[in-house]
There are 2 protein chains.
Amino acid sequence: MARIDLGRATQLSPATITAITSDMLEEGLIVGIDADEPKAPLGRGRPRSLLAIDGGAANVISVRISVSRIDLALADFTGRIFHSRKVYYDASTANAATFPSTLTDAVRTFVSEAGIEPASVLEIGVASQGIVDTNKGEVVWSPAFSGRNIPLVGPLQETFSARVTLSNDTNMITEALHWSDPQRYSGTFAVVMVDYGVGMGLFLDDHLFVGASGAAAEIGHANHIPGGARCRCGRRGCLEAYLADYALLRMTQGLADDTDPANMPVTPQTFEELHDRAEGGDAGVIASLHQAGTALGYGIARLLAVIDPARVVLTGAGIRAYPFMEGAMHEALEAALVEDLRRSLTIDVVPWNEDFIRRGLIAQAMRRLDETLVIATGRSR
Amino acid sequence: MARIDLGRATQLSPATITAITSDMLEEGLIVGIDADEPKAPLGRGRPRSLLAIDGGAANVISVRISVSRIDLALADFTGRIFHSRKVYYDASTANAATFPSTLTDAVRTFVSEAGIEPASVLEIGVASQGIVDTNKGEVVWSPAFSGRNIPLVGPLQETFSARVTLSNDTNMITEALHWSDPQRYSGTFAVVMVDYGVGMGLFLDDHLFVGASGAAAEIGHANHIPGGARCRCGRRGCLEAYLADYALLRMTQGLADDTDPANMPVTPQTFEELHDRAEGGDAGVIASLHQAGTALGYGIARLLAVIDPARVVLTGAGIRAYPFMEGAMHEALEAALVEDLRRSLTIDVVPWNEDFIRRGLIAQAMRRLDETLVIATGRSR
DNA sequence: CTATTTTTTTCGACGCCCGAAAAAAAGTTG
DNA sequence: CAACTTTTTTTCGGGCGTCGAAAAAAATAG
């Protein structure tokens, strides 16, 4: 990227750009590129001298924890992922006593296997399913663990010199969407992820919103029907109990809605299978998806009433079957909310991509790195 | 206030304070006070020379529109209200054609009666019940008008040289709470006002949150029971249809829940009367308040799941009867939400005070004035 | 009257940003 | 191929807001 483009992007004068970039060159955060191969259409004028972020300046690690699996990725200062690995663990025995060492061991092995200096890792971003407390740095409750209140930040921080940050996984999808298309995903929007559970991320007034304890946006456990279907959390009537894989399975099998979710034989392929059966014309599955669509519509309607986002993004494995939910969802929206409050809404359906969470974690780590390296060290001296 | 205290409050050095205050003195925004009467405990050292905001520098007007009444107040640059008046109008005929001139006439009369220069009014803050669109500056729908889409900002702005801002009335309560006790009411909290309808204000990450179109936080029309009781908005099952005065009346009278709210004989005293009957032991009223408490509990539970505020403030005329709703509300909270998500919650019950909205309007106008006068004109020159 | 204490102001400096002008490095033209 | 044009980058001087240190101001204490 040339200096003049940086000026246009940041709205700073060329003079300022030169000042800042020369500082950063001195510190080794960026490097000049001696482009020997001039890009074809080289017009008049002094040619641009391109600058690039120096990938070697720092490394970051993203850690995504889902049920029985840890996804690790290593990225350089440009954000490029140059090493990744999946590690499996036994979710049924993981608790506050056992999991921290499982995790630190996995990360340590990962770093040495990548052949980088452990000290070059300046940020570690961790995302987990379930309810997390970002302040305390622990997972309050998650299907990924058998125990509760699993500390993750503390153990990692003690083992590595990096700064460690724990986030809600759907929040990271939200962050990733914002980074991938800032034009579209800015201002105020909400992300609803239908998957093993139902998660939510909120981007409000151009910032990722994290509640008081970092446990916000748990729309999956917002009540849909008082005293309704049994949810994994033990309550009744949560939105999740009408939308998640176990809920759909329970409905298609005609089981009572207080059947214990733990007894439902869900697999990572459940949504896929249900979608295929619906496409094959299975009336029972279609009816269940219709019901789920209704629940989703009411959930979105309540969200609109409280937050009024300009856009709602639907994603997650469960959204595969969206075509069978769409009609009921819109009917529910209309039944639940006066037109004035839903007039300006846009709904995006984004095909699920596991990589979103990883991308979000790295984007967030990059932002933090920028603050540390550029703002603090960089200019003010 | 002395310069040294300003320094402590703003974290600026004494040198900077002197620079800023001398600029402001020159511009007449603040004045020095020659305190002839030294405050009793005058110790050693150079005595503080106090500074005060110059009340005469500017005036602001707050306009609160409720059903058939306009509350006007005039405040000086210190925020002191020195003139106020109530004006009545016919809500049943007020619409987009008639109301704007009613309003501008009322404000014009008010200003001339106060004996101030119209040009000295730099900000006019307007709050209305119902759904407002702050961007467009019009009231989309409100019980205070018979028509829809009533423009308010445009007409006032044309008549006066002031900047005019339209806000949701519950948002102004939120703003007022923050100003009256910034220690307690900061960070992330929600205000639920139970009155003629049910309104909500959100303060998120130290800022008043207004959704994409300014119509956020309409929790009253968030669905409580799909297909449930009939609401004034025409939908079924809105939270309001279980909490508002007409809803309580409908329940105590044993009427079907699809009875048209417009036919319920509510008065401004309805809540008061219901409260008295409950105190007198009227089992029907007590049962109705119990039901309302349940609805409120579910509403708060859903709010917690989505926003996770550290505090929820309950206020409004309808909160008079809170003691009869409290038990059911807590039961509903427990039934609706896992403990993890409600653990950190504090509920404040703030007795209703009509003055809140006015205070919030003026606080907001002051903030805007500060931005205009101090930031823009003041320093940068 | 001198010392002490506290508040306020003055002074010089630094960091960040800017506009204007100059320099650099190419292409274009006669 | 030298002079001109164009575009990008750098240099230079200045403005603004902030700061620390020192000085000044205004009171009390002894």
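Nothing here was measured: the structure is a model prediction, and the numbers come from that model. Below, chain A is the first sequence line, B the second, and so on; all start at residue 1.
Helix bend of the helix from C:dC1-D:dG30 to C:dG30-D:dC1: the angle between its two end axes, each built from five pairs, comes to 30° after rounding to 10°.
Nucleic acid contact class of B:S22 (heavy atoms, under 4.0 Å, all strands): none.
Across the protein-nucleic acid pair, B:R48 atom CZ and D:dT28 atom C1' stand 15 Å apart, rounded to whole Å. Whole-Å rounding puts the B:D23 CG to D:dG17 P distance at 8 Å. Taking atom CG of B:L51 as the reference point, atom C1' of C:dT8 lies 11 Å away to the nearest angstrom. The separation between B:I20 atom CD1 and C:dT9 atom P is 13 Å, rounded to whole Å. The CD1 atom of B:I17 sits 13 Å away from the P atom of D:dG20 (whole-angstrom rounding). Atom CD1 in A:I33 sits roughly 13 Å away from atom P in D:dT9 (whole-Å rounding).
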Stepwise salt bridge (charged side-chain N to carboxylate O under 4.0 Å, His left out) check, B:D348 with B:R311:
CA-CA 7 Å; B:D348 280 11; B:R311 192 182 289 277; 3.0 Å; yes
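Look at A:R44 and you won't find any side-chain N or O under 4.0 angstrom from OP1 or OP2 of D:dT5. Taking side-chain N and O atoms only, A:R46 has no distance below 4.0 Å to OP1 or OP2 of D:dT9. Neither OP1 nor OP2 of C:dT7 sits under 4.0 Å from any side-chain N or O of B:S49. Using a 4.0 Å cut-off, some side-chain N or O of B:T16 falls inside it from OP1 or OP2 of D:dC19.
Using a 4.5 Å heavy-atom cutoff, the side chains of A:T174 and A:F189 are in contact. Contact of the A:I53 side chain with the A:L29 side chain is not registered, since no non-hydrogen atoms from C-beta on lie closer than 4.5 Å.
Salt bridge A:R367/A:D370: absent, no basic N to carboxylate O contact under 4.0 Å.
Side-chain atoms of A:R368 and A:T165 include a donor-acceptor pair closer than 3.5 Å.
Here the closest non-hydrogen pair linking A:L25 and A:V31 is CD2-CA, 3.9 Å.
Side-chain atoms of A:D76 come within 3.5 Å of backbone atoms of A:R80 as a donor-acceptor pair (strictly under, hydrogens ignored).
For B:A15, counting side-chain heavy atoms from C-beta on, the closest listed nucleotide (D:dT5, D:dT10, C:dC11) is C:dC11. For B:T18, the listed nucleotide lying nearest its side chain is C:dT8; candidates were D:dT9, C:dT8, D:dG20.
Not counting sequence neighbours, the partners of A:E123 by the side chain to side chain donor-acceptor pair (under 3.5 Å) test are A:R163.
To the nearest 0.5 Å, atom CZ of residue A:F110 and atom CG of residue A:L74 are 5.0 Å apart.
Looking at residues 1-12 of chain B, you'll see B:A2, B:R3, B:I4 sit with a heavy atom under 4.0 Å from some atom of DNA chain C.
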